[in-house]
Amino acid sequence: MPRRIEWRLVRVLAAKEWRDRLRNRWVLAVAALFALFALAIAYFGAAQQGAVGFRSLDATLASLASLVVYLVPLIALLLGYDAVVGERERGALDLLLSMPVSRFEVLLGKYLGLGAALTGATALGFGAGLLPLASQLTVSEGWRYAAFVASAIAMGWAFLSIALLVSVLASDRVRASGVALALWFFFVLVYDLLLMGALVLSQGSMANSAFAALLMLNPADVFRLYTAGAGMGGLSAVLPPGWTTGAALPAVMLAWMALPFLFAYRRFK
């Protein structure tokens, strides 16, 4: 890492990434998608029971969590997989690095700019999605919903960090896209199946602390646990006390944001 970061250059690079996503209407498209799903789930979530309209925040968040854990990681990985390798293929990366800017500043600027685009799209989409129902929420429910959106954004930043690592390591965009999709499939769909299989094969002898540690190795599971176990069934009940409260889960999510980024920087040097 450079001894002194030129934050002005980082802001310029981040602003460029943000403008590029606005220019190709990526932010608006994702925001519209999230708004549509949030409103549909909140209003029509109980249609199978023969009722429509907002029922409760708990039911809405449980349904949204199941959707978010699929969509946000996929969008984050697709957003960042070509951030470096794409510019390398176009020859723009060599031109950029020939300027008085460090590789760390380049990578950090890209990460912050892409993260800002992801944050804006997610917050705008989920905010607009429940805006028509805002009058039916209490103040405390509003804060709970805001905390849910913030946790979804944090998970997105974690997967965006993974996407940057993929982009640095990949030799071309095609391989980068394939690895990004494979990682989404593994973290969102396969990992929990493997974990449940290990738990069944151990016939319940796996220690709670070991099981909890394995859950922490998946940012999607960290999100599920943070949002009160939505989509986890009874798995959160077997975790040791204190793993799902306090600063433990936010700290793990921060580690998922930082570590892949630092690994990406080491390979980008």
request  = Please confirm whether the backbone N or O of Ala158 pairs with a side-chain atom of Ser161, one donor and one acceptor, at under 3.5 Å?
outcome  =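 The answer is no, because no donor-acceptor pair under 3.5 Å joins these two groups.
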request  = Give a yes or no answer on whether the side chain of Ser98 reaches the backbone of Leu95 with a donor-acceptor pair at less than 3.5 Å.
outcome  =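 Such a contact is found between Ser98 side chain and Leu95 backbone.
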Residue pairs, two or more places apart or on separate chains, that pass salt bridge (charged side-chain N to carboxylate O under 4.0 Å, His left out) and touch residues 161-173 =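 Every salt bridge (charged side-chain N to carboxylate O under 4.0 Å, His left out) pair that includes a residue of residues 161-173, provided the two are not neighbours, is Asp82-Arg173, Asp172-Arg175.
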message = Taking salt bridge (charged side-chain N to carboxylate O under 4.0 Å, His left out) as the cut-off, I'd like each qualifying pair that reaches into residues 109-133, sequence neighbours left out, listed once.
response =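 For residues 109-133: Glu17-Lys110, Glu87-Lys110.
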message = When you group the ILVMFWY residues by side-chain heavy-atom contacts below 4.5 Å and let the links chain together, are Leu181 and Val179 in the same group?
response =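 Yes, Val179 and Leu181 fall within the same hydrophobic cluster.
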key: Cluster check Val106, Met99: I/L/V/M/F/W/Y, side chain < 4.5 angstrom   =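 Linked, Val106 and Met99 end up in one cluster.
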task = Could you pull out all residues at least two apart from Phe261 that satisfy ring pair (Phe, Tyr, Trp, His ring centres under 6.0 Å)?
result =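 For Phe261, the residues satisfying ring pair (Phe, Tyr, Trp, His ring centres under 6.0 Å) (neighbours in sequence not counted) are Phe104, Tyr111.
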request  = Please identify each residue that fulfils ring pair (Phe, Tyr, Trp, His ring centres under 6.0 Å) with Phe263, with sequence neighbours left out.
outcome  =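 Not a single residue meets the ring pair (Phe, Tyr, Trp, His ring centres under 6.0 Å) criterion with Phe263.
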key: Step-by-step side chain to side chain contact (heavy atoms under 4.5 Å, CB included) determination, Phe37 to Leu33   = CA-CA 6 Å; Phe37 277 120; Leu33 179 67; 3.2 Å; yes
Quiz: residues 115-132 side-chain donor-acceptor pairs under 3.5 angstrom, not counting sequence neighbours:
residue: Thr119; atom: OG1; partner: Gly115; partner atom: O; Å: 2.8
residue: Thr119; atom: OG1; partner: Trp157; partner atom: NE1; Å: 2.8
residue: Thr122; atom: OG1; partner: Leu118; partner atom: O; Å: 2.8

key: side chain to side chain donor-acceptor pair (under 3.5 Å) contacts touching residues 68-80 (sequence neighbours left out)   =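 Matches after skipping sequence neighbours: none remain.
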ask   = Can you list every side chain to side chain donor-acceptor pair (under 3.5 Å) pair that touches residues 5-14, not counting sequence neighbours?
value =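 Every side chain to side chain donor-acceptor pair (under 3.5 Å) pair that includes a residue of residues 5-14, provided the two are not neighbours, is Arg4-Glu6.
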request  = Mind checking side chain to side chain donor-acceptor pair (under 3.5 Å) for Ser140 and listing every partner two or more places apart, or none if nothing turns up?
outcome  =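 So Ser140 forms a side chain to side chain donor-acceptor pair (under 3.5 Å) with Thr138.
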key: Any residue meeting side chain to side chain donor-acceptor pair (under 3.5 Å) with Arg144, in chain and number order, not counting sequence neighbours   =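 Here the qualifying residues are Asp58.
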What I'd like to find out is whether the side chain of [X] reaches to under 4.5 Å of the side chain of [Y], using heavy atoms alone.
X      : Y      : value
Arg224 : Asp192 : yes
Val72  : Phe159 : no
Phe34  : Ile75  : yes

Search all heavy atoms of [X] against all heavy atoms of [Y] and return the closest pair with its distance.
X      : Y      : result
Leu164 : Leu107 : CD1-O, 4.2 Å
Ala65  : Phe148 : N-CZ, 3.7 Å
Val85  : Ser171 : CG2-C, 3.9 Å
Ser66  : Val69  : O-CG1, 3.4 Å

Show me, pair by pair, the donor-acceptor contacts under 3.5 angstrom made by side chains of residues 249-259, not counting sequence neighbours?
residue: Trp256; atom: NE1; partner: Met216; partner atom: O; Å: 2.9

message = Could you go through Met155 and Val68, starting from their C-alpha distance and side-chain angles, then the distance that decides it, and tell me whether this counts as side chain to side chain contact (heavy atoms under 4.5 Å, CB included)?
response = CA-CA 10 Å; Met155 177 178 62; Val68 164; 3.7 Å; yes
Verdict with supporting geometry, Tyr191 and Leu217, side chain to side chain contact (heavy atoms under 4.5 Å, CB included) = CA-CA 9 Å; Tyr191 187 86; Leu217 296 179; 3.4 Å; yes
message = More than 12 heavy atoms of other residues, nucleotides or ligands under 6.0 Å from CZ of Phe186: yes or no?
response =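 Above 12, so yes.
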Partner set under salt bridge (Lys or Arg N to Asp or Glu O under 4.0 Å) for Arg23, not counting sequence neighbours =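 Partners of Arg23 under the salt bridge (Lys or Arg N to Asp or Glu O under 4.0 Å) test: Asp20.
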message = The criterion is salt bridge (Lys or Arg N to Asp or Glu O under 4.0 Å); which residues satisfy it with Arg266, sequence neighbours excluded?
response =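 Testing Arg266 for salt bridge (Lys or Arg N to Asp or Glu O under 4.0 Å), a comparison that skips the adjacent residues, returns none.
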request  = Give the C-alpha distance, both sets of side-chain angles, the deciding distance and a yes or no for side chain to side chain contact (heavy atoms under 4.5 Å, CB included) between Ile162 and Leu165.
outcome  = CA-CA 5 Å; Ile162 295 172; Leu165 177 59; 5.6 Å; no
